[in-house]
Structure formats: C-alpha cells, structure tokens
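Only this structure's heavy atoms are used, side chains among them; waters, hydrogens and symmetry mates stay out.
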Amino acid sequence: MKTSRRHFLKITSATLAAPMIISRCALAQDGVPGANERIGVAGIGVGRQGSFVFRNTVKLPQAQAICTADVYLPRAAAVAKSVNLDPENAYQDYRRVLERKDVDAVISATPEHWRSLTCIHAAQAGKHIYSEKPMSLTVSEGRLMVQAARKYKITFQTGSQQRSQRANAIGCKFIREGGLGSIKEVLAANYESPWLAAMPESPIPNGLDWDMWCGPTEKVPYNGQIFTPRGNPGWLSLRPYSGGEMTGWGTHGLDQIQWALGMQETGPVEIIVTGEKLVPPVYNEPESSKRGNSLCNSPRLAFRYANGITVLLGDPKTGKQSNRGGAIFFGSQGKMEIFRGRIGTNPPEIAKTLLDESPIKEQNHYENWLNCIKSGETPISDVEFGHRTASLCHILNIARYIGHSLKWDPVAERFDDEQANEMLSRKHRAGYELPAEI
C-alpha cells in the first residue's frame with residue numbers, strides 16, 4: 001500500500017483527538033435539519049450494493065453526503081457526481097475518507113475480504129459504521145470488529161434490512177415470545193459454500209487499483225469475472241473473497257432464525273454434518289455459478305442450539321427447503337414461514353390477525369442507523385447481532401470443509417477440533433494486516 005500503517009495511525013490519531021459531537025444548530029425551515037446538524041456520510045466501496053445504500057442514506061434529511069471511495073476510481077467519481085459532490089470528493093484510497101473531520105459516519109460495502117480492515121480503521125478514526133452483510137469474512141475478524149465498535153463507542157449497524165421490515169419483525173417477535181408454542185424444528189434453505197478460481201489474466205481497466213482490490217488476499221491476475229460480484233461466477237462465489245451463498249443469502253435467512261429464536265447474541269452448540277467433506281471445484285475459465293453451486297451444497301448440514309432446537313439446511317429426507325431469505329418454524333401450536341417482508345402460517349388466521357393488529361411499524365434501515373447515532377440507542381441490527389449471524393455462516397462452511405460433525409462453544413467461539421479452529425481466522429497479505437492493537 002502507498003501509505004504505511006504507521007502513517008495511517010498518525011493521521012487517524014488527529015481524528016480521534018477531535019470531538020465526535022454533532023453540532024446542534026437551529027433547525028432550518030419546516031423542521032428540516034440545517035447543514036451543520038446533519039450527519040456527514042461517506043461511502044466506502046460504492047459498487048452495486050454500496051452505491052444503492054449510500055444514495056438512499058444521503059437522501060434522508062438527517063444525512064449529508066460528504067465523499068466516496070472505491071478502488072475503481074471512475075466508479076467513486078460517478079457515484080459522487082450522482083449525489084452532487086465535486087470530483088475532489090472521490091477517492092481511491094478509503095483512508096483519505098477517514099482523515100476528513102466532516103465525515104461522521106461511513107457505509108462500508110466492500111467485498112467481504114476487505115470488510116474488517118475498513119470497519120476497524122473507521123472505528124479507530126471515530127466514525128460510525130453501516131456495514132453491508134455479511135459483516136465479516138472470518139469469525140475472528142468479526143469479533144475484532146465488535147471489540148473496535150465497543151472500544152471507540154461508535155454506532156454500528158449491519159445491513160440485515162429484513163429486520164426493519166414489518167412482517168419479519170412481527171413474525172420473529174411472535175415466535176420469540178412463544179406464539180407458536182415450543183419450537184420443535186426449523187427448516188432453512190440449503191445455502192451453497194464457495195469454491196475456488198484460477199482465471200486467465202485479462203487487461204486491468206483504467207482507474208482500477210487491482211493490487212489494492214486484492215488487498216489482504218493473495219494477489220492474483222486480474223479477471224473481470226472475479227472483479228464482478230455476480231459474474232461468471234463473480235467474487236461472491238469464490239472462497240478467498242466471500243463465504244459464497246452461505247454468507248450471501250444465509251445472512252438473510254439465518255439471521256431471521258437467530259432473531260426469532262432469541263439467539264442473536266449467541267449461537268449453536270453443535271454442527272451436524274451428513275456426507276463426505278466438500279472438495280470445492282476450481283474454475284479455470286469463466287462460467288456460470290450453476291456447476292459450483294450444485295457441487296458446493298453438500299455435505300448436508302444442520303445445527304442445534306443448547307435448548308435442543310434443531311435447524312435443518314434443507315430436509316435430507318424430502319429435499320424440501322425454505323425460501324432463501326427466511327425459514328419455516330414448526331411449533332407445538334402451529335407453523336410459520338417468514339419470507340422477505342411476508343409471513344405465512346398454518347393455521348392461516350394467525351398471520352392475518354398478527355398483520356391486522358400488531359402495532360409494529362415498517363422501518364427505514366438507514367434511518368434507524370442515523371437516529372441511533374444521534375440518540376445513542378442500539379440499532380436494530382447491531383454489530384454483535386451481525387457478527388453472530390455471520391459467524392454462524394462461517395462455522396457452517398467450515399464444517400463442510402472438515403467433513404464431520406463439530407461441537408461449537410458460542411462463548412469462547414471455538415470448536416472441539418483444532419483443524420476447524422485454524423479456519424476461524426486467515427493470514428493477511430503483507431501491508432494489509434489487521435491492526436496490532438484494536
């Protein structure tokens with residue numbers, strides 16, 4: 001990297017020394033916050049999802065767009081222009097964002113292999129954080145992110161937006177409070193684990209810092225199908241950069257399970273593996289994700305909480321799965337399926353009554369984050385909750401690679417198997433290491 005870690009710590013120390021208080025000027029006309037009262041927001045990693053979240057956040061009256069950063073500088077410039085920022089407010093190096101005292105909060109929507117560094121550095125610089133899900137690439141990185149958020153007292157929201165949807169919130173609360181009676185079993189989707197790629201080299205686009213995109217991972221030859229999130233197959237399917245659909249979709253559906261069962265600050269105690277261990281394929285040429293997904297959805301997985309509730313990732317007998325964004329909960333007094341923004345029940349009148357009578361309202365996920373920055377309250381998808389859901393996805397992937405059932409200690413965040421424990425963290429490439437001290 002062009003800036004040494006020592007220099008980074010030097011420039012961020014000045015930021016940390018500055019007060020984090022948002023000035024409270026008089027409201028502008030019609031109750032809209034004045035410019036000095038708004039929360040200054042920057043976008044770090046403004047590709048497909050990052051640009052969407054950034055643009056929608058800075059539309060809110062509580063927020064003010066300050067700058068953007070992306071290793072592909074033309075993209076950072078285009079997104080900055082789209083929210084009426086001058087070109088000098090678009091950077092290639094995210095650390096330039098963290099130097100700015102007018103940035104109060106950042107949205108990190110980088111690929112997963114970059115998430116821990118951007119968020120830990122942002123916390124050290126005193127910036128509030130909205131992190132896209134999955135929150136981390138490894139369990140150990142996620143725990144460090146939680147520690148950084150707590151140490152520097154910043155508000156950290158993860159992008160599990162289904163928590164802000166009214167039907168999801170109603171359904172999860174109903175289950176959590178015993179509305180379905182005792183939960184016997186939960187059926188989830190059979191999310192696919194990631195695989196590997198050794199793609200041929202192609203020309204690097206002008207304005208892209210490919211070395212920095214690779215960042216903490218080993219530098220590989222540039223290929224557009226790696227750089228694209230959902231290409232052929234795209235980095236979202238590849239193990240060095242992502243947890244595959246286990247984290248891509250799993251952090252939607254499994255998060256709803258954790259929330260509904262009251263497990264959002266803990267995790268299972270056992271991962272149950274049925275079948276031979278996963279040996280992921282290596283893609284040597286661009287092709288769709290179809291082959292990789294068909295090979296990387298086995299062995300079959302289930303997990304069990306300390307209270308005995310078992311969650312199946314697809315029914316091994318029938319092959320039935322839940323929708324990928326939610327789950328089916330089987331209780332002693334009924335059944336409920338939670339969708340994305342919908343719930344369905346058997347008997348059906350349970351869902352109808354809940355939706356007709358519940359006082360719970362739809363929320364704006366970004367607005368919840370901004371309001372919590374001002375109030376100091378815990379956001380609906382707090383960093384600890386995001387970490388626990390991402391960790392669940394990570395340990396399920398690890399169990400597939402190990403190929404046998406594992407015991408998991410959700411307090412110590414360790415397995416009963418040393419080979420599996422070695423997969424809880426990863427080695428970072430020189431120049432992109434995690435901070436020696438959080």
Side-chain angles (χ1 to χ4, degrees), residues 1-5 8 44-45 47 69-72 92-95 108-121 132 134-142 144-145 192-205 207-248 277-287 289 292 295-296 390 393-394 397-398 400-402 419-436:
M1 297 175 77
K2 298 175 183 177
T3 306
S4 68
R5 181 176 177 276
F8 176 80
I44 298 175
D70 197 286
V71 294
Y72 186 34
Q92 195 164 44
D93 190 329
Y94 73 95
R95 293 167 300 184
S108 175
T110 66
E112 293 153 45
H113 67 288
W114 256 110
R115 194 94 78 227
S116 60
L117 271 176
T118 57
C119 290
I120 290 171
H121 285 161
E132 255 310 314
M135 198 188 87
S136 62
L137 186 62
T138 69
V139 173
S140 62
E141 289 177 3
L144 291 176
M145 294 163 76
E192 299 88 359
S193 298
W195 56 94
L196 303 169
M199 294 287 199
E201 186 170 10
S202 57
I204 299 174
L208 172 62
D209 187 336
W210 179 245
D211 182 272
M212 195 172 191
W213 187 92
C214 293
T217 66
E218 177 186 356
K219 187 178 179 182
V220 298
Y222 171 80
N223 185 287
Q225 300 305 328
I226 296 176
F227 179 59
T228 305
R230 291 192 183 276
N232 287 309
W235 62 259
L236 274 166
S237 295
L238 301 177
R239 188 172 177 184
Y241 318 112
S242 170
E245 297 300 352
M246 184 69 78
T247 57
K277 74 176 183 179
L278 171 62
V279 179
V282 180
Y283 275 33
N284 300 113
E285 296 287 344
E287 63 173 289
S289 60
L295 294 171
C296 294
C393 299
H394 299 326
N397 273 336
I398 290 170
R400 267 206 179 123
Y401 298 133
I402 294 294
Q419 184 184 3
N421 284 332
E422 290 176 1
M423 298 182 185
L424 296 173
S425 60
R426 59 171 171 148
K427 184 178 180 180
H428 283 229
R429 185 160 63 110
Y432 297 88
E433 300 93 342
L434 289 165

Distance-only polar pair, side chains of Ser193 and Arg400, donor-acceptor under 3.5 Å: yes

Atom of Leu117, atom of Pro435 and distance for their closest heavy-atom approach: CD2-CD, 4.4 Å

Flag, side chain of Glu192 to backbone of Cys296, donor-acceptor distance under 3.5 Å: no

Spacing of SG belonging to Cys393 relative to CG belonging to Leu137, to within rounding of 0.5 Å: 12.0 Å

Note, Ser116 side chain near Leu144 side chain (heavy atom, < 4.5 Å): no

Nearest-0.5 Å distance that lies between atom CG in Leu196 and atom CZ in Arg239: 6.5 Å

Phe227 and Tyr222 aromatic ring geometry - parallel, tilted or perpendicular at 30°/60° bounds: tilted

Side-chain touch Leu208/Val71, heavy atoms, less than 4.5 angstrom: yes

Distance (rounded to the nearest 0.5 Å) between Thr228 OG1 and Trp235 CH2: 11.0 Å

N/O donor-acceptor pair under 3.5 Å between Asn223 side chain and Met199 backbone: no

Donor-acceptor under 3.5 Å (Ser242 side chain, Leu236 main chain): yes

Salt-bridge contact Arg426-Glu141 (side-chain N to carboxylate O under 4.0 Å): yes

Short side-chain donor-acceptor distance under 3.5 Å, Thr118 and Ser108: yes

Euclidean distance, Ile398 CD1 relative to Glu422 CD, rounded to 0.5 Å: 11.0 Å

Distance, nearest 0.5 Å, that separates OG of Ser140 from CG of Leu434: 7.5 Å

Test log, rule side chain to side chain contact (heavy atoms under 4.5 Å, CB included), inputs Ser289 and Glu245: CA-CA 10 Å; Ser289 60; Glu245 297 300 352; 5.9 Å; no

Trp114, Tyr94, Tyr241, Tyr72 screened by ring pair (Phe, Tyr, Trp, His ring centres under 6.0 Å) with Trp213, the one that passes: Tyr241

Where Met246 and Asn397 come nearest, the two heavy atoms and their spacing: CB-OD1, 3.4 Å

From Met135 atom CE to Thr247 atom OG1, the distance as rounded to the nearest 0.5 Å: 12.5 Å

N/O donor-acceptor pair under 3.5 Å between Arg115 side chain and Glu132 backbone: yes

Nearest heavy atoms of Tyr432 and Met212, plus distance in Å: OH-CA, 3.6 Å

Validation row: Leu238, Trp195 side chains within 4.5 angstrom (heavy atoms): yes

Smallest separation among heavy atoms of Met423 and Ile402, with atom names: CE-CD1, 3.8 Å

Minimum heavy-atom distance between Gln92 and Gly207, given as atom pair plus value: NE2-O, 2.8 Å

4.5 Å side-chain heavy-atom contact, His113 and Cys214: no

Test: Glu218 and Lys427 ion pair at under 4.0 Å: no

From Pro134, Pro194, Pro240, residue fulfilling side-chain contact (heavy atoms from CB on, under 4.5 Å) relative to Glu112: Pro134

Closest contact, heavy atoms only, Trp210 versus Pro221: NE1-C, 3.8 Å

Student check: side-chain heavy atoms of Met145 and Ile120 closer than 4.5 Å: yes

